Structure formats: C-alpha cells, structure tokens
Amino acid sequence: MAEAEPLLEARNLVKHYGQVLALDGANFTAYPGEVVALIGDNGAGKSTLVKALSGAIRADGGDILVGGKVVQPSSPLDARRYGIETVYQDLALAPDLDAAANLHLGREIYRLRALGVLNKPEMRRRAIAAFKELGVELPDVSAPVVTLSGGQRQSVAVARAVAYASEIIFMDEPTAALGVVQRERVLDNIKRVRERGISIVLISHNMPEVLAVADRVEVLRMGRRVARFKVSDTNVDQLVGAMTGALTTEDESDTRGNGKDAA
C-alpha cells in the first residue's frame, strides 16, 4: 500500500534573529490523521519552527507546503485558510467570557451583524455539541472560564481548535502545569481529535507523555531536524540521546523511515 502524502512540510527553513540563527535549514513533516511530537532541548528551534508553520512569523528562507503546494501563511489568521489551528501554551482565552463565547472567539455568530447583536442561543448550542463530541464535561458553559479548572480551560481551547481545524492542530505543551487527572483528560482529547482524522503536532518536554500519545516523533537540535522515530520503535533514552547529541543522527533522507537516519 502506498504511503500517504505529507499533509504539512517544512523544507530547509531558515530564520535569523539578528546574529542568532534560530532555524538552520529545518525540516518537518506531518502526515494525515497522526499525532507527531516535535521535541528538542531549550533553544533547539521548536517554537520558531511552529511559529513559522502557523503563520506567526515568516521564515527568511525555505518552503512550507500544505498538501504538496507551497504556501506562505502571513499570520495565524491566514494559516486558518489552510486548515491550521494552534492551541497556545497560554491558551489565548478571554477569562471573563464563558466557554461558549470563547469557543466562537473571533468567529462570533450574529443575529444582526450590522448592529453587533450576537446569536447567543446558537453559539451556546454549537458549543455544547462541540464539547460533547470531545467528551468535555463542564459544570456550566455559561460560567466565565476564569472559574474553570486548568484542565477544563485547556479542554475549551482544544475544542475551539477542533471546531475549526480541517487539517492540523499545533498544541504547545498542552499538559504543562496540569494535575494527573487533568493531564489524562487532555491526552484523551488528543486521541479523540486524531480519530476524527485531524493531525496534531504535539510540542512537549514530557517524554513518557509523548510515547503514550504520539505516532511519530521528530527531533530538533540547533535549528535542524536531527532524527525521526516511530514511537513503536523507540524509547525515552533514544529520544533524549537525539535531543542532546549523544545519539549521532543525520537528517539526509525525506523518506518516511522508522526513525533514525543514520550518520
């Protein structure tokens, strides 16, 4: 059976911040309907790569491809045209608005747009349906999100991305600062999103968590992709070795291999 074509690719992305080279010919690949983890030590270039792919910044060189076509998302809003959504570590929620309003933030439904009159019943109905589909349980969708737990707020942010993403969602440290129970709920949400055929790029420092939920792992080091792994063929020691340089690897092949591109 032929392998799926890449859904999203970065090819030889370069990004300078003054004299600092944040991305040094970075590559990245995400396939349809998978969870691919993007890992690397601090300063490896993960955040810069994600910002470039999600339209928050523009790379100085290289190409971004969606569905095999070169694109240049000029902003996160523009990236949405390609079916790309991002769940940021700070969640980007409006704390004083309720869960339904946050789900539709920036995409409000109006009764009378010219007068700015919102269709709150319809927004609430759609929000309840979206939360139910993901298995998100909230005490009251009309309550301000500031009153919700950390895991519940994270679930609202994930549900918002899922409601509008048609292709891929970036999740930046989605379980950071969450308790054990809340973390498990977020990981369950990630699995449910994958079941809907939406790809997820998981940025995380939690290696056991990565191995528990991801299908593949791509490793960045010093602004370059240095290794790729299938989760079924790897372990924490190999991931840490690739991140630190203890495991010698190279990224010379564009094939969807089972992991290390041996030096």
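Computed from a prediction, not measured in an experiment: that's the story for all the values here.
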Checklist entry - Measuring from Thr48:OG1 to Tyr17:OH, what's the distance to the nearest 0.5 Å? => result 4.0 Å
Item to check | side chain to side chain contact (heavy atoms under 4.5 Å, CB included) evaluation trace for Arg124 with Lys120 | outcome: CA-CA 6 Å; Arg124 178 185 172 87; Lys120 291 186 178 180; over 6 Å; no
Checklist entry - So do Asn27 and Glu218 actually touch side chain to side chain, heavy atoms under 4.5 Å? => result no
Checklist entry - Which atoms form the tightest heavy-atom contact between Ala30 and Val201, and what is the distance? => result CB-CG2, 4.4 Å
Checklist entry - Can you tell me if Asn235 uses its side chain to pair, donor with acceptor, with the backbone of Gln238 under 3.5 Å? => result yes
Checklist entry - Taking side chain as C-beta onward, heavy atoms only, is Ile64 less than 4.5 Å from Leu8? => result yes
Checklist entry - Are Phe28 and Val35 in one and the same hydrophobic cluster, where Ile, Leu, Val, Met, Phe, Trp and Tyr link if side-chain heavy atoms are under 4.5 Å apart? => result no
Checklist entry - Can you find a heavy atom in the side chain of Leu187 that is under 4.5 Å from one in the side chain of Pro174? => result no
Next on the checklist: Using the rule given for side chain to side chain contact (heavy atoms under 4.5 Å, CB included), can you reason through Asp172 versus Val50, listing the C-alpha separation, both sets of side-chain angles and the distance that settles it, and then say yes or no?
Outcome noted: CA-CA 9 Å; Asp172 186 4; Val50 169; over 6 Å; no
Next on the checklist: Between Lys191 and Glu195, does any NZ, NE, NH1 or NH2 come within less than 4.0 Å of an OD or OE carboxylate oxygen?
Outcome noted: no
Next on the checklist: If hydrophobic clusters are built by linking Ile, Leu, Val, Met, Phe, Trp and Tyr wherever their side-chain heavy atoms come under 4.5 Å apart, do Val136 and Val213 end up in the same one?
Outcome noted: yes
Next on the checklist: Between Val145 and Val141, is there shared hydrophobic-cluster membership here, with clusters defined by ILVMFWY side-chain heavy atoms closer than 4.5 Å?
Outcome noted: yes
Next on the checklist: The test is side chain to side chain contact (heavy atoms under 4.5 Å, CB included); show your working for Val162 and Arg192 and say whether it passes.
Outcome noted: CA-CA 10 Å; Val162 172; Arg192 292 186 187 208; over 6 Å; no
Next on the checklist: In the structure I gave you, are the side-chain heavy atoms of Phe170 and Leu38 within less than 4.5 Å of one another anywhere?
Outcome noted: no
Next on the checklist: As a quick check of understanding, evaluate side chain to side chain donor-acceptor pair (under 3.5 Å) for Ser155 and Asn189, giving each step before the final call.
Outcome noted: CA-CA 8 Å; Ser155 294; Asn189 283 342; 3.3 Å; yes
Checklist entry - When rounded to the nearest 0.5 angstrom, what distance separates CG in Leu23 from CZ in Arg225? => result 13.0 Å
Next on the checklist: Using the rule that Ile, Leu, Val, Met, Phe, Trp and Tyr join whenever any side-chain heavy atoms are under 4.5 Å apart, tell me whether Phe131 and Val158 fall into a single cluster.
Outcome noted: yes
Checklist entry - Atom OG1 of Thr147 and atom CZ of Arg153: how far apart are they, to the nearest 0.5 Å? => result 8.5 Å
Next on the checklist: As an exercise, state the distance from CZ of Arg11 to CG of Leu65, rounded to the nearest 0.5 Å.
Outcome noted: 4.5 Å
Next on the checklist: Would you say that more than 12 heavy atoms from the other residues, nucleotides or ligands in this model lie under 6.0 Å from the NZ of Lys15, or not?
Outcome noted: yes
Next on the checklist: Please tell me whether Ile128 and Leu148 are part of a single hydrophobic cluster in this structure, the criterion being side-chain heavy atoms less than 4.5 Å apart.
Outcome noted: yes
Checklist entry - CD/Glu34 to CZ/Arg216 distance, rounded to the nearest 0.5 angstrom? => result 4.0 Å
Item to check | Spacing of Ile84 atom CD1 and Leu53 atom CG [to the nearest 0.5 Å] | outcome: 7.0 Å
Checklist outcome for this item: Closest heavy-atom pair, Val226 versus Ala242, reported as atoms and distance to 0.1 Å, is CG2-O, 3.7 Å
Checklist outcome for this item: Between Ala214 and Ala37, the two heavy atoms sitting closest are CB-CB, 4.0 Å
Checklist entry - Could you go step by step and tell me if Ile109 and Arg126 meet the side chain to side chain contact (heavy atoms under 4.5 Å, CB included) rule? => result CA-CA 10 Å; Ile109 302 170; Arg126 294 191 188 185; 3.5 Å; yes
Checklist entry - Are Leu49 and Leu13 side-chain neighbours, meaning at least one heavy-atom pair lies under 4.5 Å? => result yes
Item to check | Leu21 versus His16, closest heavy-atom pair with distance | outcome: CD1-NE2, 3.3 Å
Next on the checklist: Strictly by side-chain hydrogen bond (donor to acceptor under 3.5 Å, both in side chains), give each pair with a member in residues 97-118 just once, sequence neighbours left out.
Outcome noted: Glu85-Arg107, His104-Tyr164
Next on the checklist: When you compare the side chain of Gln154 with that of Met171, does any pair of heavy atoms fall below 4.5 Å?
Outcome noted: no
Checklist entry - Any side-chain heavy atom of Pro208 sitting closer than 4.5 Å to one from Val210? => result no
Checklist entry - Between Val156 and Leu138, is any pair of side-chain heavy atoms under 4.5 Å apart? => result yes
Checklist entry - Which of these, Thr234, Val236, Val217, sits in a side chain to side chain contact (heavy atoms under 4.5 Å, CB included) with Met207? => result Val236
Next on the checklist: Taking Glu173's backbone N and O only, do any of them form a donor-acceptor pair with Ser204's side chain (distance below 3.5 Å, no angle check)?
Outcome noted: no
Item to check | Closest non-hydrogen atom pair between Thr86 and Ser54, with its separation | outcome: OG1-CB, 3.4 Å
Item to check | Minimal non-hydrogen separation, Thr29 against Pro6, with atom names | outcome: CG2-CB, 3.7 Å
Checklist outcome for this item: For Arg58, the side chain to side chain donor-acceptor pair (under 3.5 Å) test, sequence neighbours excluded, returns none
